[in-house]
Amino acid sequence: MKKIEAIIKPFKLEDVKDALVEAGIEGMTVSEVKGYGRQQGHSELYRGAEYVVEFIPKIKIEIVVSTDEYANIAINAINKAAKTGKIGDGKIFVSTIDHVIRIRTGEEDAEAL
Amino acid sequence: MKKIEAIIKPFKLEDVKDALVEAGIEGMTVSEVKGYGRQQGHSELYRGAEYVVEFIPKIKIEIVVSTDEYANIAINAINKAAKTGKIGDGKIFVSTIDHVIRIRTGEEDAEAL
Amino acid sequence: MKKIEAIIKPFKLEDVKDALVEAGIEGMTVSEVKGYGRQQGHSELYRGAEYVVEFIPKIKIEIVVSTDEYANIAINAINKAAKTGKIGDGKIFVSTIDHVIRIRTGEEDAEAL
Amino acid sequence: MKLRFLTLLASLMPMAAFADETPTLNSGDTAWMLVATAFVMLMTPAGLALFYGGMTRSKNVLNTMGMSLIAFAVGTLVWVIAGYSIAFGDGDLMGHGKLLLAGITHETIKGSIPELLFVAFQGTFAAIAVAIASGSMIERVKFSTFTIFVALWVLAVYAPITHWAWGGGSTLNFGEMDFAGGTVVHINAGVAGFVVAMMLGRRKDYGKAAIKPFSPALTVLGAALLWFGWFGFNAGSEVAADGLAGNAFLITNVAAALGVIGWLVAEWIVYKTPTLIGGASGAVAGLVAITPASGSADTMGAIIIGLVGGIVGFIGVAKIKKLFSVDDSLDAFWVHGLVGIWGSIATALFIAPYLKADDFALGGQLVAQIKAILLTIVYSGIMTAIVFFISSIVTSGGRVDEETEQIGLDEKVHGEKVINL
Amino acid sequence: MKLRFLTLLASLMPMAAFADETPTLNSGDTAWMLVATAFVMLMTPAGLALFYGGMTRSKNVLNTMGMSLIAFAVGTLVWVIAGYSIAFGDGDLMGHGKLLLAGITHETIKGSIPELLFVAFQGTFAAIAVAIASGSMIERVKFSTFTIFVALWVLAVYAPITHWAWGGGSTLNFGEMDFAGGTVVHINAGVAGFVVAMMLGRRKDYGKAAIKPFSPALTVLGAALLWFGWFGFNAGSEVAADGLAGNAFLITNVAAALGVIGWLVAEWIVYKTPTLIGGASGAVAGLVAITPASGSADTMGAIIIGLVGGIVGFIGVAKIKKLFSVDDSLDAFWVHGLVGIWGSIATALFIAPYLKADDFALGGQLVAQIKAILLTIVYSGIMTAIVFFISSIVTSGGRVDEETEQIGLDEKVHGEKVINL
Amino acid sequence: MKLRFLTLLASLMPMAAFADETPTLNSGDTAWMLVATAFVMLMTPAGLALFYGGMTRSKNVLNTMGMSLIAFAVGTLVWVIAGYSIAFGDGDLMGHGKLLLAGITHETIKGSIPELLFVAFQGTFAAIAVAIASGSMIERVKFSTFTIFVALWVLAVYAPITHWAWGGGSTLNFGEMDFAGGTVVHINAGVAGFVVAMMLGRRKDYGKAAIKPFSPALTVLGAALLWFGWFGFNAGSEVAADGLAGNAFLITNVAAALGVIGWLVAEWIVYKTPTLIGGASGAVAGLVAITPASGSADTMGAIIIGLVGGIVGFIGVAKIKKLFSVDDSLDAFWVHGLVGIWGSIATALFIAPYLKADDFALGGQLVAQIKAILLTIVYSGIMTAIVFFISSIVTSGGRVDEETEQIGLDEKVHGEKVINL
Ligand SMILES: Nc1ncnc2c1ncn2[C@@H]1O[C@H](COP(=O)(O)OP(=O)(O)O)[C@@H](O)[C@H]1O
Ligand SMILES: Nc1ncnc2c1ncn2[C@@H]1O[C@H](COP(=O)(O)OP(=O)(O)O)[C@@H](O)[C@H]1O
Ligand SMILES: Nc1ncnc2c1ncn2[C@@H]1O[C@H](COP(=O)(O)OP(=O)(O)O)[C@@H](O)[C@H]1O
């Protein structure tokens, strides 16, 4: 089983979610994170002082899928929906999951997804 | 070493933590996430407009353990404590950790946990 | 490719970020988490009632690097910058990443980092 | 405003003071008007800023609050420079002669209070009117455009309408009853907001994404401050601390309470969910409804005016609004315009027996109310369009660019965040 | 309330106005009472809503604020319909004759102010009393049950007690000193809250989970607004802008300041941790303590009354409360009931030399105070139980279901969230 | 304060009241002063607490608010015990004879209001002065040190300066015009803050880490409440509800509005970013600037004084401050001290024609203003250093330990968190 972690721009969340659901992915977990990268943060003012916000708000989406095929489907969906072509669009990381359990039923692995 | 990631209902956090501690697990890291899955969000009102909250608040618990045995203990504890039997109870994902370091002492792997 | 997850004390974030950047690591994702471990939480008061805050605010830093060498550089940088020597300094977890994609360009793996 | 208003009612003691040849200052009346003015002042940068700010998405809260603040600041400036002269100077269609408060000193008396205090009191009305209209424009209007708009609108829209209703103009005064500004402030502001919302167009994600209010708690606090300030607005419009001010105070309070009840009950019937934003909006709706009637209704009248006000507000926002494609974002038209119309009509319908003139004729009064409503809708509608058009031109377009709208005006325009945890 | 209260004190100038056969309106007094009424109004939907809301868990903040809002709205309605008549109508055990304010016009004078204004002033007391009691019920009582309860409680509990203390009833008036409502409002509300807390039962996780207040900052702001409004409450109870009002104002301020100091010092001694919620609670405790004495104490008296009030409040909440198993969630009983009892006793103990009647007898006065306290505890205790029982029946149970309690009333009852980041 | 101030102006009606042998209470004036006092009270635990709290980092917000609360509580206590006696008792260099308000009863009249009310009014000035200074010390001063400092500073710094300016002292009174406390309160507090900031040293991460304000929304709300309260501050300093109070009210409002505009325009020119914290700060700067002139300027004067006040404030904070290495954290010196100096000079420059005495001499008046400014800077500077030194000794050091500074005072000192989501 594979886990796909995508770091995207916050305002793209709705689009990415829709794309994933359309592609048949029906479960995901998202969280608010801050990213540091090539994208330059904007600068904020505080009375006289100006400071650069280095950490930029991002959204992390985590999806666990049962097969590599599904992983590819998910990656494609995210890739398309999250892309603006501007710096800071984010990254997708894929790793391996050994085991999955659905708490409600005790189902395991592919069945739990 | 194994990493156990569990997505649970927020109000179950205390119970799950207690169960884990009782089972001998003494370290964990939790974060607030939002889940999308079978569980339907409630609908909220905003003056005239009604909208469905699709992302439901969940808690993610991450536990790194040294052995498969401990992993099973943790999984069982979470399974029992987090279960309500209703949709949305959440999932447990298990993956492999290559290496662990305790920052304070520099201890590594099993000793660092 | 390797993923390094470090749980650190919040006020060390700036130092760790600086150390990483200095070491040549130019991308990372951070999030706010709460930790449970040996470090005892402080107790808070609420009118007459005293309660112990068991979950202590921590910062999680995630860095994906292309090589084991880079992983070691990152680990060393974090280790040095995050250390206070007091309980609760946190942990570093290393795991394996199978695949990376940069959404903006579609670049993959090492090139995407 | 009492002066005009009272001619419609049975003669009342305090009139004496106004009729008097050499007016003298009354310290009790002055004490009350000092406070009433402060109360109405608080309504804009605190009351409305929170009421509106709490309903805005977190990425635009500061911009919304900023519009109330700048409305008060710029509104106050243009009011003392020329607005007061247009509204309360001599003249029929338009007042004049008091530019920069020429000729008024600390010893000049109006009624039984210092005229300078009267200037301040009326200035707070001008400012809140344009701030109310800002609710229709949030999350997309340029801050610079809005700033210019405030200045022009107060001078070209608010001041003339005030002059006709309260300031001494006669051709465009139909003998309507508008004690504290139901037509002058609320219908006027509601229409202005609606017109600008039409001109600006809808927010990109209006009707698509869920628009979550930043914090209903701030909205409730804002409504409570508005309610508090409204005592100055309504009972202050008596410009004296007397029995009619006491009457206005009580019925203002009752109508606000009934507005809360009306809106919540309507929500409960339709959605089974009484919301806090609904309760807060109901209070405002009840207050808007009673405003023109606050010098003439009694308790029973206030109960009906407030209750129906709350229900009409809810129906406007939850039902009628959907028939239109206009993104009146915070419902300035529905809560101030529509409910204001109800209040204006109700003013003629529910007059306290002890305040009704012997020769009062319902039919004629209703016609007067409707004429004033229509004049306000037409004049405010057209002139607002003109001044907003000019404001847009001056600032090269009235709407922020797409990226700013997406990311939020707080960050892009003001470089700030509503909350840094 | 001055009318009753003054008979206990050395004769005072302003009495003249009350004794006068044909009362005339005084614009200074009226100005002050317009403001005082607005001040007390602000205490409920803003002051108390924030004070309580800030101490509630984030999942229930809006529901808690909503209770203050609905208490004010429904309380205001039943007050003008029948509450005022019961409290201030003619009659010994119960007033009557002023249903829907029958016979009162804008020209009716009470003392030296319009009676309609007096109606509004007293109505704000009724509303805040029941809102104070809501603090004992939060996080579990049904919104519908509480709404019914507000109406019944104001009529059946608050209005009669007010009638005996201030409204003209004689059989149940013991000559107690209660200038601004120490017994009528605070002990009464504290007892009512406690009784309902007992009937409702404890929150599921009371004493188990950490109950973190949403935001002490809101609690401090709420306390500051309560403090501000309390000037209207206490100095307004003089119903005139005179020397006694000035005295009441100053000592109210001093007692509140000392309440802050008392609570913080006590916390510092016991826990080494002066909290902001403690400081805010101390201000309220000091204000509760001085309330009945605000027409009769001097500065030195206020220092002691406030300081001890703050300490008693802390001990009640931090120590004595633990001896009981009742989940009086926001400590309405401990901060208003217990401290109110201290204030009532202290009223007899600390009378300003310049306000003490020549024939003042401490023993007799203390008996009068205690009688009034006991009457309030017994009557409020029993009648509150009855009206809450009825309210529960009408709404099929007074407590929300377990899931709602777990997930939070904001989401489940109101469909809203206190803050959307 | 009128009494002193008026001698500089053309003779004014209300003077009569003060000159009168047997002063009598005026209910209108008393009504206004009851309210004005409440208004100024609100400025400290609500207005300033939010204005400052919103600009503090989230980990120290409660501590910052707590300083305003404790400043008001302790300030009030020492004021009634000895501060009032020093400031308004008889004597040249220092007043005496009114310890614990000896000899003052509810019947004692000052001007046309109860003296006890005057005590309360002036006490709110003492409290806010020291609370303003707290803005320079946040995020590092010990809560205990600050508490002691409040008591000592009010007695040793504030009360004497007040005595010289308003309380009857003659040797150190230069005939300066300071109607409502530009020198007494603002320059004094600004200098005090600066001195303590120097003594405390900079915050560890000052100039290194980004210091993000918790919430500009709170700062705006705080500024709105300050603005509201300032009507009591300035128009209340007339101690009567008359024409000069009306004049003071209007020009206070105008100057605040222009302060907002001045600061925002300056920000816009320099950074292209008008911030909400800037708008809020501008309002305060405008208000500080008009304070000494509020009894003598006219509308045109207020426009200039406020506009320049806003610009000077911005330049102080954004430019001049950087030339110093002092961590005046929330800019008490720049916004109150520097702008206060501008206001004091401007007071002599912009006198309304209708208020200018026939024998008014600009040169002499300017010298008087400058003398008073210098006296305040020198005296406040030296004595503040002494009392802060003593306060530090008593509490074994005035600064929290490094860990507390790092983790935050809210958690370490108060055991609380500003917001628990
Ligand atoms: N090496 C990395 N490890 C973890 N997260 C990263 C890494 N590099 C970038 N990120 C995340 O991806 C986001 C976007 O990266 P950035 O370099 O700004 O632009 P781009 O994705 O267009 O190359 C960052 O804000 C950060 O959250
Ligand atoms: N494929 C998935 N990948 C990641 N997280 C998932 C996935 N499916 C479900 N989740 C998480 O688990 C939570 C519960 O899932 P849901 O389908 O609602 O109910 P259940 O766990 O009872 O099947 C979701 O809210 C989401 O956070
Ligand atoms: N087994 C574990 N799995 C996941 N996170 C852990 C684990 N043990 C500790 N942590 C995280 O590391 C933090 C520090 O651990 P703690 O035991 O308090 O101190 P130390 O790191 O000095 O040993 C914890 O707050 C928690 O977030």
Side-chain angles (χ1 to χ4, degrees), chain E residues 12-13 26-32 35-36 39 57-58 112 212-217 220-221 223-225 227-228 231-232 235 240-247 249-251 253-254 256-261 264 271 273-277 279-280 282-283 298-300 303 352 354-355 419 421, chain F residues 25-35 37-39 41-42 44-47 49-50 53 61-63 65-66 69-70 72-77 80-81 100-101 105-109 113-120 123-124 143-144 218 221 241 410 413-421:
Chain E
L12 293 162
M13 263 188 337
N26 175 306
S27 70
D29 295 346
T30 301
W32 166 232
V35 182
F39 278 22
R57 276 178 289 190
S58 58
S112 59
K212 297 195 195 178
F214 171 56
S215 173
V220 170
L221 175 58
L225 291 174
W227 189 331
F228 175 74
F231 293 128
D242 59 14
L244 205 54
N247 191 66
F249 192 109
L250 176 69
I251 66 174
N253 199 33
V254 168
L258 270 294
V260 173
I261 295 171
L264 289 181
Y271 298 116
T273 309
T275 67
L276 271 284
I277 285 188
D298 62 5
T299 307
M300 195 59 225
I303 290 177
Y354 51 85
L355 286 172
I419 206 160
L421 291 175
Chain F
L25 185 142
N26 176 305
S27 69
D29 294 346
T30 302
W32 167 231
M33 294 309 296
L34 285 164
V35 181
T37 308
F39 277 22
M41 171 265 153
L42 191 66
T44 303
L50 292 177
V61 178
L62 294 177
N63 182 259
M65 295 180 73
L69 184 64
I70 206 72
F72 194 82
V74 172
T76 296
L77 176 62
V80 295
I81 291 179
L100 249 167
L101 313 182
T105 78
H106 68 296
E107 288 182 325
T108 315
I109 304 295
I113 67 163
E115 182 164 359
L116 289 174
L117 179 54
F118 185 76
V119 172
T124 58
F143 197 64
S144 53
L218 292 190
L221 175 57
D410 287 3
V413 177
H414 305 291
E416 290 173 302
K417 240 186 120 196
V418 66
I419 205 161
N420 284 299
L421 291 175

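Every chain is numbered from 1 and lettered A, B, ... according to where its sequence line falls, protein lines coming before strand lines. In what follows, every heavy atom counts, from backbone to side chain, and hydrogens, waters and symmetry copies are set aside.
With a 4.5 angstrom heavy-atom cutoff, E:Leu258 touches chain F only via side-chain atoms. Both the backbone and the side chain of F:Ala46 come within less than 4.5 Å of a heavy atom in chain E. Heavy-atom distances place both the backbone and the side chain of F:Thr105 under 4.5 Å from chain E. Within the 4.5 angstrom heavy-atom criterion, atoms from both the backbone and the side chain of F:Thr37 approach chain E. With a 4.5 angstrom heavy-atom cutoff, F:Ile70 touches chain E only via side-chain atoms. Of the two parts of F:Pro45, the backbone and the side chain both hold a non-hydrogen atom closer than 4.5 Å to a non-hydrogen atom of chain E. Heavy-atom distances place both the backbone and the side chain of F:Leu421 under 4.5 Å from chain E. Proximity to chain E (any heavy atom under 4.5 Å) is shown, for F:Phe39, by both the backbone and the side chain. Of the two parts of F:Leu62, the backbone and the side chain both hold a non-hydrogen atom closer than 4.5 Å to a non-hydrogen atom of chain E. The part of E:Ala280 that comes within reach of chain F is its backbone (N, CA, C, O), which places non-hydrogen atoms under 4.5 angstrom from that chain. For a residue to count as touching a neighbouring chain, one of its non-hydrogen atoms must lie under 4.5 Å from one of that chain's; by this rule F:Leu221 touches chain E with the side chain only. With a threshold of 4.5 angstrom between heavy atoms, F:Leu100 approaches chain E through side-chain atoms but not through N, CA, C or O. Heavy-atom distances place the side chain of E:Val35, and not its backbone, under 4.5 Å from chain F. For E:Tyr271, no part sits under 4.5 Å from any heavy atom of chain F, backbone or side chain.
The CD atom of F:Glu115 lies 12.5 Å from the CG atom of E:Asn247; values are rounded to the nearest 0.5 Å. The distance from atom CD of F:Glu416 to atom OG1 of E:Thr273, rounded to the nearest 0.5 Å, is 9.0 Å. The CG atom of F:Leu101 sits 9.0 Å away from the CG atom of E:Asp298 when rounded to the nearest 0.5 Å. The NE2 atom of F:His106 lies 13.5 Å from the CG atom of E:Leu250; values are rounded to the nearest 0.5 Å.
Ring geometry for E:Trp227 versus F:Phe72: interplanar angle over 60°, hence perpendicular rather than tilted (30 to 60°).
Between the side chain of E:Ser215 and the backbone N or O of F:Val418, at least one donor-acceptor pair lies under 3.5 Å.
The most heavy-atom pairs under 4.5 Å with chain E, out of F:Leu117, F:Ile419, F:Thr44, F:Thr124, come from F:Ile419.
Counting heavy atoms from C-beta on, the side chains of F:Val80 and E:Asn253 never come closer than 4.5 Å.
E:Phe214 pairs by the ring pair (Phe, Tyr, Trp, His ring centres under 6.0 Å) definition with nothing, not counting sequence neighbours.
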